[in-house]
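Single-structure report; data block below.
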Amino acid sequence: MFRNAEETGQSNIRPLSLIKAGENVKLISIAGGQQLQARMLALGLLPGTSMEVLKNRSDGPVIIIVKGSRLVLGRGMSQDIMVC
Amino acid sequence: MAQARTKSDQKEIKIALTGNPNSGKTTIFNHLTGFHQRVGNYPGVTVEKKEGLVLYEGHHLQIVDLPGIYSLTPYSPEELITRRVLLEEKPDVVIDVLDATNIERNLYLATQLKELGVPLVLALNMSDEARAQGIQFDLQKLSALLGVPIVPTVGHKREGIGELLAAAVEVANATRDWREVKINYGRDIETELENIQRVVEEEGLLNGSYDARWVSVKLLEGDQDIIERVRADRVLTVSEEASRRLQKLLGDPP
């Protein structure tokens with residue numbers, strides 16, 4: 001379900017941590033372990049899920065809007081979430 | 001209303017409230033118990049479990065408010081607390097409070113509760129806001145699909161609270177035991193699960209108070225809490241081997 005970014009063959013894939021506020025992106029894959037993948041699933045973040053980045057400062061957490069609710073993701077987490 | 005007093009009329013019923021953060025558990029808890037626990041319009045207000053006792057039509061109800069969680073996977077301390085309360089105190093019925101405006105994410109926990117086998121009632125909370133957003137529910141169909149009663153509620157207006165309590169008491173009285181729902185994971189995973197389950201049963205792990213199949217599923221998922229508590233090398237070896245085989249076969253960790 002959570003393929004590696006290389007396997008999906010899509011270009012322009014970046015970690016969520018590099019997306020600027022206001023941009024709309026789609027989740028491609030989770031480059032983390034079993035624990036992080038289970039967590040993302042529980043939060044409703046699946047491959048294909050659309051999200052808008054609300055806030056992203058280079059030194060803090062990333063705030064996104066998914067299906068109408070705001071989610072705050074830690075910096076480390078956001079670096080493992082691949083989007084395009 | 002005249003009612004024949006049966007044994008179940010006097011028994012104490014333990015009701016636990018679960019749900020995603022900020023879905024309205026404490027608001028409903030306060031209505032059910034008449035307490036004034038602090039509520040807030042942001043997640044994480046309840047950080048420990050709170051209990052209240054209520055007399056309801058001859059039943060002594062013990063109502064437990066639990067911290068908000070997204071899943072039963074023990075990622076956070078709140079999730080660990082909730083799971084342990086559910087597994088070790090075995091409430092007679094669990095009310096899962098759903099935020100109706102975010103039903104997809106909220107139903108994930110509901111399905112996990114079903115898999116655990118807890119007697120369940122769903123409170124479709126914030127149903128007024130969902131309606132205002134144009135979200136409509138086919139409650140009959142949803143209830144039939146999930147096999148649980150669903151009661152629409154509006155926590156802050158007290159709507160549906162009486163119906164919710166009645167549904168919870170009915171489920172608690174009708175259900176004698178926890179009945180685990182067996183989700184079929186497909187042949188490859190089922191074969192491995194059977195292997196693990198056999199060893200779990202032979203070793204008599206966790207005092208037999210946890211369902212052996214459920215423990216096997218958690219071992220296969222690499223659930224750290226269960227792995228630490230199982231502490232039987234034979235079981236862990238079997239489940240690790242199974243996990244490796246499945247990862248090779250399916251490409252993803254189980």
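Letters A, B, ... are given to chains in the order of the sequence lines, protein chains preceding strands, and every chain is numbered from 1.
Judged by distance alone, with hydrogens and angles left aside, the side-chain atoms of Q35(A) form no donor-acceptor pair with the main-chain N or O of Y75(B) at under 3.5 Å.
Within residues 94-106 of chain B, the residues having any heavy atom under 4.5 Å from a heavy atom of chain A are, by residue number, N102(B), E104(B), R105(B). Of residues 60-73 of chain A, those residues lying under 4.5 Å from chain B by any heavy-atom pair are K67(A), S69(A), L71(A).
The side-chain hydrogen bond (donor to acceptor under 3.5 Å, both in side chains) pairs that include a residue from residues 44-66 of chain A are N56(A)-R75(A), where partners are two or more places apart or lie in different chains.
At a 4.5 Å heavy-atom cutoff, the contact between E79(B) and chain A is made by side-chain atoms alone.
Under the rule for a side chain to side chain donor-acceptor pair (under 3.5 Å), the partners of R84(B) that lie at least two apart in sequence or sit in another chain are D225(B).
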